[in-house]
Amino acid sequence: MVNIDGNLIAEDTASIALNNRGYAYGDALFETIRVNSGKILFWEEHYFRLMASMRILRMKIPMKFTPEFLEKEILNLIEINEVSNKSARIKITVHRVAEGLYTPINESIGYSITFKTIENPFYTIDDTKLNEITLFKDHYIQEGLLSNLKTNNRTINVLGSIFTKENGFQNAILLNSKKMVAEALNGNLFIVKGNVIKTPPRTDGCINGIMKSQLIQLIQKLPDYELEEKTISPFELQKADELFVTNVIQGIVPVTKFRKKEFKKDTSRKLLGTLNAKIRLS
């Protein structure tokens with residue numbers, strides 16, 4: 001079952017109208033959330049990011065879109081699908097439903113909530129998996145506020161993913177229009193050099209990632225490391241001791257190889273242990 005505007009519908013019969021603005025113009029936002037055994041991870045952060053993004057896109061937020069309402073919608077979907085004791089990937093999509101061309105004729109908002117189960121209830125690092133990355137240089141991310149949002153316009157991520165698959169890599173790094181590092185295809189990027197952990201600032205065009213924010217808070221409390229939110233040149237990647245990608249579904253994913261450089265996972269493991277401990281205590 002999936003949730004379409006508050007109605008639970010069998011997934012194989014769910015559909016959208018051809019004039020749906022999320023489909024027709026990419027006039028939509030989405031939020032990807034992890035739920036562990038009926039508990040929504042980082043719910044407050046997800047909720048406020050979604051609300052802030054809707055305001056930036058000048059969507060009129062429905063009065064019923066309270067944290068309690070959306071949380072209940074998510075948990076009801078989990079319960080009705082009998083996965084309350086499992087981990088799940090939730091996707092909330094919010095779109096304008098008004099007809100019209102580029103200009104919507106009214107301010108109506110629609111939403112959908114879907115889910116997929118996840119095998120492992122905790123964040124882990126799989127040492128058996130290769131995670132070799134490359135640079136995707138066919139197209140570039142534009143710096144600016146819109147690039148920080150999780151909109152339905154993910155063309156560069158799709159093209160980068162196809163390029164990555166065709167060339168035998170597991171991930172790719174997206175660059176901005178200044179040819180500086182923005183992010184990975186599926187998350188934010190961190191590099192480690194000595195005791196310095198560095199990640200691009202939002203002004204360089206990366207997604208305002210929830211897991212990125214969580215890790216920044218954790219790292220700032222660890223005396224062994226120094227955090228920097230600064231522009232990263234592609235030349236810095238091969239000089240780093242470690243690279244890792246973050247998102248709320250996978251947690252921390254270490255990069256194993258970039259070009260001829262192979263990377264360690266020591267910092268990734270330490271941060272992942274701290275992250276899992278925080279989740280258990282929250």
Side-chain angles (χ1 to χ4, degrees), residues 2-33 46-66 69-70 73-74 77 89-116 136-165 172 174-177 182-188 202-210 247-249:
V2 298
N3 183 321
I4 306 292
D5 293 324
N7 300 307
L8 293 172
I9 301 170
E11 186 172 5
D12 58 358
T13 62
S15 63
I16 61 171
L18 290 177
N19 62 358
N20 178 295
R21 296 186 64 84
Y23 170 77
Y25 299 112
D27 190 5
L29 293 159
F30 69 93
E31 197 72 22
T32 307
I33 301 167
H46 280 292
Y47 175 78
F48 284 113
R49 181 174 69 171
L50 179 59
M51 295 301 105
S53 299
M54 291 178 71
R55 290 189 183 97
I56 291 168
L57 290 193
R58 305 185 75 166
M59 291 180 172
K60 185 176 181 180
I61 300 173
M63 291 292 292
K64 68 180 181 180
F65 268 30
T66 63
F69 170 79
L70 291 176
E73 292 285 270
I74 293 169
L77 182 65
R89 176 186 185 273
I90 297 292
K91 184 177 181 181
I92 302 177
T93 303
V94 179
H95 57 273
R96 266 185 276 254
V97 297
E99 294 184 12
L101 300 177
Y102 289 142
T103 306
I105 61 174
N106 64 56
E107 298 178 317
S108 300
I109 298 294
Y111 70 96
S112 65
I113 307 175
T114 59
F115 85 101
K116 297 290 182 184
F136 181 60
K137 298 183 287 186
D138 290 358
H139 305 280
Y140 300 96
I141 292 175
Q142 296 300 311
E143 306 96 300
L145 188 59
L146 291 181
S147 293
N148 303 150
L149 309 182
K150 299 195 78 170
T151 69
N152 275 24
N153 186 359
R154 312 311 300 172
T155 304
I156 189 171
N157 299 73
V158 172
L159 294 177
S161 298
I162 294 171
F163 171 86
T164 298
K165 182 179 179 181
L174 303 176
L175 305 177
N176 63 26
S177 60
E183 59 191 1
L185 289 171
N186 62 341
N188 293 110
R202 277 184 274 177
T203 50
D204 281 354
C206 60
I207 287 289
N208 179 23
I210 298 298
N247 61 57
V248 293
I249 302 303

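- For N148, the side-chain contact (heavy atoms from CB on, under 4.5 Å) partners two or more places apart in sequence, or in a different chain, are L145, R202, N208.
- With contacts defined as side-chain heavy-atom distances shorter than 4.5 Å, the pair I33/I210 does not qualify.
- Annotation for S53 and L149: closest pair OG-CD2, 3.5 Å, computed over non-hydrogen atoms.
- Screening residues 13-27 for salt bridge (charged side-chain N to carboxylate O under 4.0 Å, His left out) gives R21-D27, D27-R96 as the qualifying pairs, with residues at least two apart or on separate chains.
- Here the side chains of D5 and Y111 are in contact, with some heavy-atom distance below 4.5 Å.
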- Is there a side-chain contact (heavy atoms from CB on, under 4.5 Å) between L50 and V94 once you walk through the steps? CA-CA 9 Å; L50 179 59; V94 179; 4.2 Å; yes
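- Partners of R154 according to the side-chain contact (heavy atoms from CB on, under 4.5 Å) rule, which considers only residues two or more places apart in sequence or in another chain, are F30, T151, N157, E183, I207.
- Residues satisfying the side chain to side chain donor-acceptor pair (under 3.5 Å) test with S161, not counting sequence neighbours, are none.
- Applying the ring pair (Phe, Tyr, Trp, His ring centres under 6.0 Å) rule to F163 yields the partners F136; only residues at least two apart in sequence or on another chain are considered.
- Residues passing the salt bridge (charged side-chain N to carboxylate O under 4.0 Å, His left out) test with E31 are R49, sequence neighbours excluded.
- When every heavy atom of G100 is checked against every heavy atom of I105, the shortest pair comes out as CA-CG2, 4.0 Å.
- For K91, the salt bridge (charged side-chain N to carboxylate O under 4.0 Å, His left out) test picks out no residue, with sequence neighbours left out.
- Nearest heavy atoms, G205 versus I141: O-CG2, 3.4 Å.
- Here the closest heavy-atom approach between residue I109 and residue M59 is recorded as CD1-CB, 3.8 Å.
- L57 has its side chain within reach of L146: a pair of non-hydrogen atoms, C-beta onward, lies under 4.5 Å apart.
- Within the 4.5 Å cutoff, the side chain of Y23 has no heavy atoms near those of the N152 side chain.
- Checked against side chain to side chain donor-acceptor pair (under 3.5 Å), S108 has the following partners two or more places apart in sequence or in another chain: N106.
- For the pair Y25 (side chain) and G22 (backbone), a donor-acceptor distance under 3.5 Å is absent.
- Checking side-chain atoms of N247 against main-chain N and O of N186 turns up a donor-acceptor pair under 3.5 Å.
- For E99, the side chain to side chain donor-acceptor pair (under 3.5 Å) partners are N19, not counting sequence neighbours.
- Scored by the side-chain contact (heavy atoms from CB on, under 4.5 Å) test, I61 finds M51, M54, R55, F65 as partners (sequence neighbours excluded).
- Contacts of L8 classified as side-chain contact (heavy atoms from CB on, under 4.5 Å), with partners at least two apart in sequence or in another chain: M1, N3, L77, I80.
- Nearest heavy atom pair, residue P104 against residue A98, reads CB-CB, 4.0 Å.
- Closest heavy-atom contact between I4 and S112: CD1-CB, 3.7 Å.
- The shortest side-chain heavy-atom distance between V248 and H46 falls under the 4.5 Å cut-off.
- For the 3.5 Å distance criterion, the side chains of S177 and E143 qualify, holding a donor opposite an acceptor.
- The closest donor-acceptor contact from the side chain of S147 to the backbone of Q142 lies under 3.5 Å.
- Applying the side chain to side chain donor-acceptor pair (under 3.5 Å) criterion to D204, with sequence neighbours excluded, gives T231.
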